[in-house]
Amino acid sequence: MLPDHPDSADSPMETADLRPAIRLAAMDLLARREHSRTELLQKLGRRFEDRETIAEVLDGLAQDKLQSDSRYAESFARQRVLRGHGPLRLRQEMRQKGIPDDDASVALESLDVDWEQLAREVCQKKFGFGAPADFREKARRQRFLQYRGFSADQIAACLPW
């Protein structure tokens with residue numbers, strides 16, 4: 001039988017020894033880009049088994065203002081608006097990333113975007129400046145804008161007839 005190795009899973013010092021490694025791994029991820037708490041839990045959970053210790057480390061990072069769901073939501077929303085995504089899709093994606101609805105709402109309100117104008121620009125970029133030739137083409141454009149996350153009112157404002 002092999003002697004206990006300090007890195008073995010049965011070691012009583014495992015949790016204490018993992019905190020710096022988990023914190024370093026989390027900070028490496030955060031150095032590249034903002035991450036939501038949920039994303040960090042998932043990514044760190046693949047590398048480290050102790051979810052409780054991961055949660056404690058993430059609490060510490062949040063207290064130190066190194067990780068913030070609200071800051072992540074603002075960054076995420078800005079990036080997606082530049083890609084031409086509408087408010088409905090932004091909110092949906094933020095929910096999937098584990099962003100609280102309050103943070104998502106604040107991030108969307110802070111954008112100062114004219115959603116109808118953005119929908120118009122996205123539509124023109126994809127389909128050109130001409131009006132749809134027939135109802136089928138108009139429906140195609142509506143589906144595209146719906147997929148991009150624009151509301152029915154925003155779509156109606158940018159599509160003629």
Side-chain angles (χ1 to χ4, degrees), residues 22-161:
I22 293 171
R23 184 176 171 92
L24 182 62
M27 290 181 63
D28 284 346
L29 291 168
L30 289 168
R32 292 184 193 112
R33 69 168 177 86
E34 292 285 344
H35 285 74
S36 70
R37 180 182 176 91
T38 303
E39 281 183 316
L40 286 173
L41 273 170
Q42 290 171 349
K43 288 182 179 187
L44 295 172
R46 290 183 215 132
R47 292 178 61 184
F48 304 99
E49 291 183 19
D50 190 357
R51 293 250 180 210
E52 212 172 285
T53 304
I54 293 171
E56 290 173 12
V57 169
L58 293 180
D59 288 342
L61 290 172
Q63 285 177 342
D64 295 342
K65 307 263 191 266
L66 296 173
Q67 189 279 324
S68 166
D69 279 348
S70 61
R71 195 170 58 225
Y72 171 78
E74 290 173 9
S75 171
F76 181 84
R78 275 192 311 273
Q79 290 173 352
R80 291 303 196 266
V81 164
L82 292 175
R83 290 184 185 177
H85 293 177
L88 301 177
R89 183 163 175 181
L90 289 175
R91 190 173 293 280
Q92 166 88 25
E93 288 180 354
M94 283 193 253
R95 275 192 197 116
Q96 290 173 346
K97 302 256 184 211
I99 301 299
D101 284 338
D102 293 343
D103 289 338
S105 295
V106 169
L108 289 173
E109 290 168 10
S110 71
L111 287 175
D112 191 33
V113 174
D114 181 352
W115 296 109
E116 290 176 5
Q117 179 61 32
L118 181 61
R120 201 172 294 113
E121 290 170 6
V122 168
C123 189
Q124 288 171 351
K125 183 176 178 183
K126 174 80 173 173
F127 300 106
F129 289 91
D134 56 12
F135 182 75
R136 187 174 179 182
E137 177 62 22
K138 182 178 180 181
R140 181 173 166 246
R141 293 180 187 193
Q142 286 174 329
R143 283 191 307 274
F144 173 74
L145 291 171
Q146 272 184 318
Y147 167 75
R148 282 296 185 100
F150 294 100
S151 71
D153 291 339
Q154 294 160 351
I155 294 169
C158 77
L159 286 177
W161 8 310

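Nothing here was measured: the structure is a model prediction, and the numbers come from that model. The analysis underlying the following values was restricted to heavy atoms, covering all of them including side chains, and did not include hydrogens, waters or symmetry mates.
Between R141 and G130, the closest heavy-atom pair is NH1-O, 2.9 Å. W115 approaches P87 most closely through the heavy-atom pair CE3-CD, 3.3 Å. Among all heavy-atom pairs drawn from H85 and F150, the shortest one is C-CZ, 4.1 Å. Here the shortest heavy-atom pairing between M94 and A73 reads SD-CB, 3.8 Å. Closest non-hydrogen pair, S68 versus E34, comes out as O-OE1, 4.3 Å. The minimum heavy-atom distance linking D69 with I99 is given by the pair O-CD1, 3.8 Å.
Note that the OG atom of S110 and the CZ atom of R78 stand 7.5 Å from one another [nearest 0.5 Å]. Separating the CG atom in L159 from the CD atom in Q154 is a distance of 12.0 Å, to the nearest 0.5 Å. Taken to the nearest 0.5 Å, the CG atom of L90 stands 11.0 Å off from the CD atom of Q79. With rounding to the nearest 0.5 angstrom, the CG atom of L145 is 11.0 Å from the CZ atom of R143. Taken to the nearest 0.5 Å, the CD1 atom of I54 stands 10.5 Å off from the CZ atom of R37. Taking CG from L30 and CG from L40, the interatomic distance works out to 5.0 Å, rounded to the nearest 0.5 Å.
Counting heavy atoms from C-beta on, the side chains of L44 and L58 come closer than 4.5 Å.
Here the options are K97, K43, Q67, Q42, the test is side chain to side chain donor-acceptor pair (under 3.5 Å), and the partner is H35; only K43 passes. Among R89, R95, R91, Q96, the single residue meeting the side chain to side chain donor-acceptor pair (under 3.5 Å) criterion with E93 is R89.
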- [ ] Verify side-chain contact (heavy atoms from CB on, under 4.5 Å) between D64 and R23, making sure each step is shown before the conclusion.
- [x] CA-CA 12 Å; D64 295 342; R23 184 176 171 92; 3.2 Å; yes
Task: Verdict with supporting geometry, L108 and L111, side-chain contact (heavy atoms from CB on, under 4.5 Å) - done: CA-CA 5 Å; L108 289 173; L111 287 175; 4.0 Å; yes
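Every pair passing ring pair (Phe, Tyr, Trp, His ring centres under 6.0 Å) that includes a residue from residues 54-77 is listed here, sequence neighbours excluded: Y72-F76.
Not a single ring-ring contact (aromatic ring centres under 6.0 Å, His included) links Y147 to another residue, sequence neighbours left out. The side-chain hydrogen bond (donor to acceptor under 3.5 Å, both in side chains) test applied to E121 returns Q117, not counting sequence neighbours.
A donor-acceptor pair shorter than 3.5 Å cannot be found between the side chains of T38 and S36.
Between E137 and R140, at least one side-chain N (NZ, or NE/NH1/NH2) sits under 4.0 Å from a carboxylate O, which counts as a salt bridge.
One N or O on the side chain of R51 and one on the backbone of L41 form a donor-acceptor pair closer than 3.5 Å. A donor-acceptor pair is defined here as one N or O able to donate and one able to accept, closer than 3.5 Å; no such pair exists between the side chain of R33 and the backbone of S75.
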